[in-house]
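Atom set for the values below is all heavy atoms of this structure, side chains included, hydrogens, waters and symmetry mates excluded. Just so we're on the same page: letters track the sequence lines, and every chain starts at 1.
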Amino acid sequence: MKLNPNTSQAYQLLHNGSLAMGRAERQGIRVDVEYVKKEKARLSKNINTNMTKLKGSKFYKRWEESVLKEVNINSAPQLSKFLYKVQGLEPPKLTEGGQGSVDEETLLQLNIPELNQILQIRKLKKIRDTYLDQFQREQVDGYIHPFFNLHLVRTYRSSSNSPNFQNIPKRDEEAMQIVRSALYPRPGHQLLEVDYKGLEVAISCCYHKDENMIKYVKDKKTDMHRDMMEQIFKIKYNGSDEHKHLRAAAKNGFVFPQFYGDYFVNNARDMACKWGELPNGIFKDGAGISIDDQGTTLGTHLRDNGIKSIRSFETYLEKIQYDFWDNRFPQYAQWKQKWWDVYRRRGFVDLLTGFRCHGVMARNDATNYPIQGAAFHCLLWAFIELDRSLMVDGWKSRLIGQIHDAIILDVYPGELEAVSELIHHVTTKELPKAWPWIIVPLEVDAELCPVDGSWAEKESYKLIA
DNA sequence: GGAACTCGCCAC
DNA sequence: AAACGTGGCGAGTTCC
């Protein structure tokens with residue numbers, strides 16, 4: 001895959017982007033080194049306690065007897081061999097390389113207490129060895145300086161390394177707390193994070209111009225994921241926590257994978273495993289989350305509606321998939337076909353931002369690359385413009401990083417309001433003016449940490465009053 | 001002793 | 001007809 005900013009506009013974006021990223025890299029993010037050391041020690045103790053417990057189990061003894069050398073619970077091949085060859089269990093899933101998988105989803109499915117213990121140890125090790133270790137290793141005088149690369153990704157997105165600032169835990173509450181509690185703004189400042197809402201969906205509209213999808217993006221009263229939740233689970237959305245959970249299941253288990261090119265068989269399996277009650281998925285009678293005041297469970301509800309097995313859920317999702325592309329978003333579907341045809345004829349696809357993707361591509365790539373790349377370029381354009389503004393106007397606030405569709409700043413509290421307004425203006429007003437091909441409104445969300453507070457303490461924040 | 005590989009897992 | 005996009009990184013393993 002050849003790097004090819006095909007126009008001078010694209011070149012300028014990379015050039016100015018590199019300079020802006022460089023300035024953010026130089027700023028860095030403060031690390032509480034003492035905290036990191038203490039937290040690593042605490043995790044180590046916790047890991048040891050868990051190890052001791054595990055070693056006392058019959059499971060572990062049987063494992064020990066089956067190997068010549070010492071048992072290594074970090075070794076996927078060793079665990080796979082023990083479970084599927086020695087113990088003779090049926091692998092619920094195979095890896096890419098054809099071995100019995102021992103990833104989290106698989107081990108949960110096997111439903112063995114010792115495996116859950118291994119998962120707990122894995123999680124703590126990940127926090128300690130991937131994140132805290134990295135911060136300690138990479139910090140200089142109490143600051144890390146993550147790199148933000150613009151020249152490494154086939155889609156013209158960015159990447160980050162040393163340490164990677166773009167994969168800090170967020171969803172898992174415990175991991176999020178531990179890791180983000182290590183990161184701070186400069187003394188007397190506060191961290192601010194601004195992210196585009198549904199940026200890739202919005203940018204996809206600029207390519208395919210699907211009227212129904214544009215309506216979803218433009219009209220705040222509509223909600224694509226809520227509608228899909230109602231269709232997939234045959235439930236009227238009521239805003240309860242349980243229904244929010246199902247909305248997220250529809251979004252992350254069907255809608256987004258479909259956008260990336262996945263299909264109903266995988267969707268059905270994933271949703272049943274991830275969001276259902278194991279080991280029998282959402283279809284076990286009486287299992288799963290309750291969906292109303294009477295305590296009816298999702299499993300029962302689906303059975304009442306004729307969906308009695310993963311197989312029948314699959315068949316049902318197949319219909320929904322065809323409806324999704326044939327009726328709901330037909331213009332998006334046509335665009336995907338057209339873009340693939342264009343790639344096969346010419347051997348490349350162009351981005352709305354003046355970049356060109358060459359090289360061997362699979363069908364999904366030809367549509368995913370231009371969307372992913374152009375979406376990031378929106379962020380990059382705003383980043384450059386904000387960097388310039390903050391510098392020209394002599395603000396004390398600084399840009400310190402970027403996560404594909406989000407910008408992270410180190411803000412001087414006295415400038416918070418002015419900077420907020422500037423950010424809102426640049427990201428949602430100036431960008432669409434500069435790039436007229438952006439035909440849907442862009443929105444941003446923000447989160448703010450207390451003055452001298454860590455990144456774990458962020459709370460939702462309105463950019464403009 | 002290091003390169004290249006697999007596997008697992010974190011983010012968008 | 002086919003079937004999930006982009007990264008970085010750690011640990012284990014194999015090969016040279």
Side-chain angles (χ1 to χ4, degrees), chain A residues 1 69-81 93-107 118-119 121-135 137-138 146-172 175-176 178-180 193 195-201 204 252-270 314 317-318 321 325 336-337 340 357 361-373 375-376 379 401-406 408:
Chain A
M1 189 80 53
K69 32 183 190 161
E70 208 169 324
V71 165
N72 185 344
I73 69 152
N74 304 317
S75 169
Q78 265 196 45
L79 181 55
S80 178
K81 192 176 165 199
K93 191 174 80 170
L94 297 182
T95 67
E96 192 68 29
Q99 301 299 311
S101 172
V102 293
D103 66 10
E104 182 178 14
E105 186 193 320
T106 310
L107 295 193
I118 288 176
L119 286 176
I121 294 169
R122 252 193 216 169
K123 185 185 148 185
L124 299 176
K125 276 168 123 46
K126 172 92 177 171
I127 296 170
R128 184 190 64 180
D129 300 344
T130 300
Y131 296 104
L132 298 183
D133 257 0
Q134 234 188 147
F135 293 165
R137 172 162 33 84
E138 298 290 343
F147 291 97
F148 295 99
N149 315 296
L150 299 180
H151 62 298
L152 296 178
V153 181
R154 341 149 56 87
T155 63
Y156 301 105
R157 247 199 193 178
S158 66
S159 71
S160 171
N161 66 290
S162 305
N164 183 349
F165 190 64
Q166 297 178 322
N167 70 346
I168 313 276
K170 182 175 191 173
R171 296 178 192 116
D172 183 287
M176 186 283 284
I178 296 173
V179 177
R180 292 188 182 227
E193 183 169 348
D195 67 302
Y196 276 109
K197 209 184 273 183
L199 186 59
E200 285 194 14
V201 174
S204 80
N252 299 317
F254 182 81
V255 179
F256 281 168
Q258 284 284 332
F259 285 163
Y260 286 136
D262 202 3
Y263 81 127
F264 64 92
V265 173
N266 287 336
N267 300 152
R269 192 185 131 270
D270 281 5
E314 217 177 271
L317 273 193
E318 180 175 16
Q321 174 178 312
W325 292 110
K336 288 206 298 184
Q337 183 57 45
W340 174 236
C357 289
M361 284 182 225
R363 192 186 189 89
N364 293 332
D365 300 337
T367 45
N368 283 327
Y369 289 7
I371 294 170
Q372 196 181 94
F376 170 66
L379 191 285
Q402 152 274 125
I403 313 175
H404 307 304
D405 65 356
I408 291 83

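Within 4.0 Å (heavy atoms only), A:Lys126 reaches at least one base atom of the nucleic acid. Among the atoms of the strands shown, none is found under 4.0 Å from any heavy atom of A:Asp195. The residue A:Gln258 sits apart from the nucleic acid: no heavy atom pair falls under 4.0 Å. Looking at heavy-atom distances under 4.0 Å, A:Arg137 makes contact with sugar-phosphate atoms alone, never a base. Residue-level contact check: A:Glu200 touches neither bases nor backbone, having no heavy atom under 4.0 Å from any strand. Within 4.0 Å (heavy atoms only), A:Arg122 reaches sugar-phosphate atoms of the nucleic acid but no base atom. Nucleic acid contact for A:Asn72: sugar-phosphate only, since backbone atoms but no base atoms lie under 4.0 Å from a heavy atom of the residue. Among the protein residues, A:Val102 comes within range of the sugar-phosphate backbone only, with heavy atoms under 4.0 Å from sugar or phosphate atoms but none that close to a base. At the heavy-atom level, A:Pro169 lies under 4.0 Å from the strands shown only through sugar-phosphate atoms.
Residue A:Arg154 places no side-chain atom within donor-acceptor reach of the base of C:dT6, judged by atom type and a 3.5 Å distance cut-off alone. With hydrogens and angles ignored, no donor-acceptor pair closer than 3.5 Å exists between the side chain of A:Asn267 and the base of C:dC4.
Residues A:Arg154 and A:Gln372 have side chains that never bring a donor and an acceptor to within less than 3.5 angstrom of each other. The closest side-chain donor-acceptor pair between A:Asn364 and A:Asn368, if any, does not fall under 3.5 angstrom. Side-chain atoms of A:Ser160 and A:Gln166 include no donor-acceptor pair closer than 3.5 Å. In this model, no donor atom of one side chain and acceptor atom of the other lie less than 3.5 Å apart for A:Ser162 and A:Gln134.
Residues satisfying the salt bridge (charged side-chain N to carboxylate O under 4.0 Å, His left out) test with A:Lys197, not counting sequence neighbours, are A:Glu443, A:Asp445. With sequence neighbours left out, the ring pair (Phe, Tyr, Trp, His ring centres under 6.0 Å) criterion links A:Phe256 to A:His225.
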Hey, mind stepping through A:Arg157 and A:Glu200 against salt bridge (Lys or Arg N to Asp or Glu O under 4.0 Å) and telling me if it holds? CA-CA 12 Å; A:Arg157 247 199 193 178; A:Glu200 285 194 14; 3.2 Å; yes
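The side chain of A:Thr130 lies closest to C:dG10, out of B:dC12, C:dG8, C:dG10. Among the nucleotides C:dT13, B:dG8, C:dC4, the one closest to the side chain of A:Asn364 is C:dC4. Of the candidates B:dC7, C:dT13, C:dT6, C:dT6 carries the atom nearest the A:Gln372 side chain, counting heavy atoms from C-beta on. For A:Leu119, whose side chain is taken as the heavy atoms from C-beta onward, the closest listed nucleotide among C:dT6, B:dC9, C:dC4 is B:dC9.
Rounded to whole Å, the distance from CG on A:Asp365 to C1' on C:dT6 is 10 Å. Rounded to an integer number of Å, the gap from CG of A:Leu94 to P of B:dC7 is 10 Å. Rounded to an integer number of Å, the gap from CG of A:Leu79 to P of B:dT6 is 20 Å. Remark: P of C:dG10 and CG of A:Leu132 are 12 Å apart, rounded to the nearest angstrom. Going from atom CD1 of A:Ile73 over to atom P of C:dA11 covers 13 Å, rounded to whole Å. The distance between atom CD1 of A:Ile127 and atom P of C:dG10, rounded to the nearest whole Å, is 15 Å. Going from atom CG of A:Asp103 over to atom P of B:dG8 covers 5 Å, rounded to whole Å. Following rounding to the nearest Å, A:Phe264 (CZ) and C:dA2 (P) show an atom-to-atom distance of 13 Å.
Considering only side-chain N and O atoms, A:Arg363 lies nowhere under 4.0 angstrom from the phosphate OP1 or OP2 of C:dA2. Close to B:dT6, at under 4.0 Å from its OP1 or OP2, lies no side-chain N or O of A:Thr95. Phosphate contact (OP1/OP2 of B:dC9, side-chain N/O of A:Lys125, threshold under 4.0 Å): absent. For the pair A:Arg171 and B:dA11, the criterion of a side-chain N or O lying under 4.0 Å from OP1 or OP2 is met. Contact between the side-chain N/O atoms of A:Tyr263 and the OP1/OP2 oxygens of C:dA2 is not found at any separation under 4.0 Å.
Between the C1' atoms of C:dC4 and B:dC12, the separation comes to 14 Å (whole Å).
The number of heavy-atom neighbours closer than 6.0 Å to NZ of A:Lys81, taken from other residues, nucleotides and ligands shown, is 12 or below.
If you check residues 158-167 of chain A against DNA chain B, the residues with a heavy atom closer than 4.0 Å are A:Gln166, A:Asn167, listed by number.
Summarising the geometry of A:Phe148 relative to A:Gln402, their closest heavy-atom pair is CE2-O, 3.3 Å, with the distance given to 0.1 Å.
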